[in-house]
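FYI, side chains are in, hydrogens and waters are out, and symmetry mates aren't considered; it's all heavy atoms of this structure. Each chain gets a letter, A, B and so on, in the order the sequences are listed, and its residues count up from 1. On a predicted model such as this, the values are computed, not experimentally measured, just so you know.
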Amino acid sequence: MQRAHRLRRGTDFDRVRASRRSWAHPLLICYASPADGIGLPRIGIAVGRRVGNAVVRNQVKRRIREAVRTFYGKIQPGVDLVLIARPAASKAGYADLAGAVGSLIERAAAKPVGSKSPTDGPAQS
RNA sequence: GCGGGAGGAAGGGCGACCGCUUCGAUCCGUCGGAGAGGAAAGUCCAGACAGCGCAGAGCAGGGUGCCCGGCGCAAGCCGGGGCCGGGAAACCGGUGGUUAGAGCCACAGAGACCAAUGCCUCGAUUCACCUCGUUUUGGAUCGGGGAGUGAAAAGGGUAAUCCCCCCCGCUGCAACCCGAAGCAUGGCUGAUGACGCUGCUCGCCGAGGCCAGGGUACGGGGCAUCCGCCAAUUUGGCGGACAGUUCGCUUCGCGGGCUGAGACAGAUGGUUGCCGAGAAACAGAAUCUGGCUUACUCUCCUCCCGCCUAU
RNA sequence: GCCCCCGUCGUCUAGUGGCCCAGGACGCAGCCCUUUCAAGGCUGAGAUCGCCGGUUCGAAUCCGGCCGGGGGUA
């Protein structure tokens, strides 16, 4: 997950969260918004202080990042995502977090498959 | 052997595949090097560094604190000793000055601080009396003894109260410097001196300051141990110093080798194999350094104290 | 990251060495008043003063260390 695939600026986070398009999971919350230009999808990860101390937050962040890497090819281009960890994520293992990330990407920003209409994507919001 | 105490070491190792940050090389396909801690933590001290006005004077405020010796710029640390408290001991914790001065010491108690007086009792002297008492009344004076109160009483306690002696400008890398982009003004105030070096006063300086609203929240340096030299387009090479680690020696030191993390939504991860009894605890660098404090683990080493057993 | 501030009944707070095993208001419970409710009156319960040490005869208060909240900072 290289730097070009990540959200870099605070204004990007604000813009994605201001789009109000969100999907919830017991471990994570996902926001989605179309990017300014057509390009690679970008992901931002936020882990607040309620999740745990610095070690726990880093561990959660790395597991989410690794899960995003495995599902990265399924995200449609030109979409910005923000993944926010909830406190329960501190007790979840990698398999649970990866499942959460996979389901959220499937629901929020999956590439249109076959002849299916792309109306479930957030780019129309 | 069991229990307790002090000090120290260590904080997994070797790999495979897929990934991350950074540096370098590159035939742009890739390749190679480096990549969290003993506390990185809490932010409790001190210093470096940077800005603020000459970094001024006084007050306020803050800090240090038994004695001797040593290390250190300082905070602080090490060794020995004294006193107090805890413990059976090893050991642990705490430490200035109340004959410079001031304040406070509730309740209780006669009295709580340069002393003065009250209670009980004994003795002596003396006075009073419808009761004339020294085996027995009351008062006064002098002298002796005592109880009670309280943490503490003819002699204190409290400086983790002010104070005395010694030290300290303020603000902090979101400091600060360079560059770029963008915006809209309105009100109040100011050479009768605003603002500022912080809280107050003085001295000094000399033109902006405050509020509301609006705009941008980008690049680089500081910043990755420091300094110097060489070559130079970047990179690099050499030397010295500092720190860490390791080895050796003629061992309070000297010499050799190796190493020097570093971003700006913020780098160590995922899956798994072997060693192994097992891989668990606290915990993630953010300007840097030295200390202090706190959190914690499977073990290992050295020394000390007590008990039991054996010799 | 850096720099500050605050923890006292359920809530908001007063108390800055002893008069306080902590006072007040709102809330809570009971009684009175009222046909009933509200308002009003009386009474009562409710606090290991965030935690652990220390100084002192004596600590919510003074000192040290932890814990938990909150704020500022281009």
Side-chain angles (χ1 to χ4, degrees):
Chain A
M1 187 175 173
Q2 294 175 349
R3 184 167 288 163
H5 306 152
R6 299 198 301 254
L7 285 183
R8 299 288 307 284
R9 301 168 62 181
T11 52
D12 290 332
F13 279 80
D14 293 340
R15 180 174 52 77
V16 172
R17 294 198 61 183
S19 71
R20 312 299 300 165
R21 296 277 294 172
S22 66
W23 289 263
H25 185 275
L27 301 178
L28 297 169
I29 298 173
C30 176
Y31 282 85
S33 170
D36 294 334
I38 301 300
L40 294 169
R42 296 186 299 174
I43 316 294
I45 300 170
V47 183
R49 297 189 63 181
R50 290 177 55 82
V51 175
N53 59 22
V55 172
V56 172
R57 291 199 304 271
N58 268 330
Q59 188 179 34
V60 169
K61 205 181 302 180
R62 285 167 184 152
R63 283 172 171 167
I64 293 173
R65 195 150 48 214
E66 176 65 22
V68 167
R69 188 173 68 89
T70 63
F71 292 108
Y72 188 75
K74 297 183 178 178
I75 306 173
Q76 70 178 21
V79 171
D80 288 343
L81 295 178
V82 171
L83 294 171
I84 300 171
R86 306 177 101 172
S90 63
K91 298 182 186 64
Y94 172 73
D96 297 331
L97 274 173
V101 169
S103 73
L104 284 172
I105 288 177
E106 184 71 24
R107 289 157 58 192
K111 283 180 178 177
V113 177
S115 61
K116 188 178 179 183
S117 172
T119 52
D120 56 342
Q124 285 76 24
S125 64

Peer 1: I want to verify the glycosidic state of B:A159; is it syn or anti under the 90° rule?
Peer 2: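 It is anti.
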Peer 1: Take atom C1' in B:U268 and the same atom in B:G19, then report the distance between them in whole Å.
Peer 2: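 The answer is 11 Å between these two C1' atoms.
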Peer 1: Tell me whether A:V101 is reachable from A:Y94 by hopping between hydrophobic residues (I, L, V, M, F, W, Y) whose side-chain heavy atoms are closer than 4.5 Å.
Peer 2: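 No, because A:Y94 and A:V101 fall into different hydrophobic clusters, even though each may have its own neighbours under 4.5 Å.
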Peer 1: Can you tell me how far the CG atom of A:L104 sits from the CD1 atom of A:I64, to the nearest 0.5 Å?
Peer 2: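 These two atoms lie 10.0 Å from each other.
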Peer 1: Please give the distance between the P atoms of B:C45 and C:C63 as a whole number of Å.
Peer 2: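 Comparing P positions in B:C45 and C:C63 gives a spacing of 14 Å.
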Peer 1: In whole Å, measure the gap between the P atoms of B:G257 and B:G172 for me.
Peer 2: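 Looking at atom P only, B:G257 and B:G172 are 47 Å apart.
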Peer 1: With a 3.5 Å limit on both atom pairs, tell me what C:C62 is paired to, counting Watson-Crick and G-U wobble, or say none.
Peer 2: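 Result: C:G54.
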Peer 1: Both distances under 3.5 Å, Watson-Crick or G-U wobble: report the partner of B:C59, or none.
Peer 2: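 B:G199 is the nucleotide pairing with B:C59.
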Peer 1: Looking only at the side chain of A:R6 (C-beta and beyond, no hydrogens), which of the listed nucleotides B:G266, B:G269, B:A283 gets closest?
Peer 2: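 So the side chain of A:R6 is nearest to B:G266.
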Peer 1: If you round to the nearest 0.5 Å, how far is OG of A:S33 from CZ of A:R42?
Peer 2: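 It is 9.5 Å, given to the nearest 0.5 Å.
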Peer 1: Nearest to the side chain of A:A54, heavy atoms from C-beta on, is which of B:A285, B:G266, B:A283?
Peer 2: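 Side chain of A:A54 sits closest to B:A285.
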Peer 1: What interatomic distance, in whole Å, is found between C1' of B:A36 and the corresponding atom of B:G269?
Peer 2: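 Those two atoms are separated by 14 Å.
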Peer 1: Could you give the distance separating B:G182 and B:G187 at their C1' atoms, to the nearest angstrom?
Peer 2: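 B:G187 and B:G182 have their C1' atoms separated by 25 Å.
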Peer 1: According to the Watson-Crick and G-U wobble definitions, with both distances under 3.5 Å, which nucleotide is paired to B:A128?
Peer 2: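 When the pairing criteria are applied, B:U137 turns out to be the nucleotide that pairs with B:A128.
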Peer 1: When rounded to the nearest Å, what value does the distance between C1' atoms of B:G276 and B:G236 take?
Peer 2: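 After rounding to an integer number of Å, I get 46 Å for this pair.
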Peer 1: Counting Watson-Crick and G-U wobble pairs only, both distances under 3.5 Å, name the nucleotide matched with B:U245, or none.
Peer 2: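 Its partner is B:G257.
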Peer 1: If B:A50 has a Watson-Crick or G-U wobble mate with both distances under 3.5 Å, name it; if not, just say none.
Peer 2: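 The base-pairing partner of B:A50, which may sit in any strand shown, is B:U171.
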Peer 1: Looking at A:R62, I'd like to know whether one of its side-chain N or O atoms comes within less than 4.0 Å of OP1 or OP2 on B:G270.
Peer 2: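 For A:R62, the contact criterion (side-chain N or O under 4.0 Å from OP1 or OP2 of B:G270) is not met.
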Peer 1: My understanding is that a pair needs two contacts under 3.5 Å, Watson-Crick or G-U wobble. By that rule, which nucleotide pairs with B:A9?
Peer 2: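 Across any shown strand, B:A9 pairs with B:U299.
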Peer 1: Taking for each residue the nucleotide of RNA chain B with the nearest heavy atom, is it A:D14 or A:E66 whose nucleotide lies nearer the 5' end?
Peer 2: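 Result: A:D14.
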Peer 1: Could you work out the separation of B:G208 and B:C195 based on their C1' atoms and round it to a whole Å?
Peer 2: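 Comparing C1' positions in B:G208 and B:C195 gives a spacing of 7 Å.
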Peer 1: Taking the basic N atoms (NZ, or NE/NH1/NH2) and the acidic carboxylate oxygens, is any pair closer than 4.0 Å for A:R63 and A:E66?
Peer 2: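 A:E66 and A:R63: not salt-bridged.
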Peer 1: For A:F13 and B:A265, do the ring centres fall under 5.5 Å apart while the planes stay under 30° apart?
Peer 2: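 Yes, A:F13 stacks on the base of B:A265.
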Peer 1: With both distances under 3.5 Å as the test, what is the Watson-Crick or G-U wobble partner of C:A14?
Peer 2: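 The answer is none; no pair meets the criterion.
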Peer 1: Need the pair for B:A152. Rule: Watson-Crick or G-U wobble, both distances under 3.5 Å, any strand; none if unpaired.
Peer 2: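 B:A152 is unpaired by these criteria.
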Peer 1: If hydrophobic clusters are built from ILVMFWY residues whose side chains come within less than 4.5 Å, do A:V56 and A:L27 share one?
Peer 2: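 Shared cluster, yes.
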Peer 1: From the set B:C18, B:A285, B:A283, return the single nucleotide nearest to any side-chain atom of A:R69.
Peer 2: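 That would be B:C18.
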Peer 1: What interatomic distance, in whole Å, is found between P of B:G94 and the corresponding atom of B:C66?
Peer 2: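 About 12 Å, rounded to a whole number of Å.
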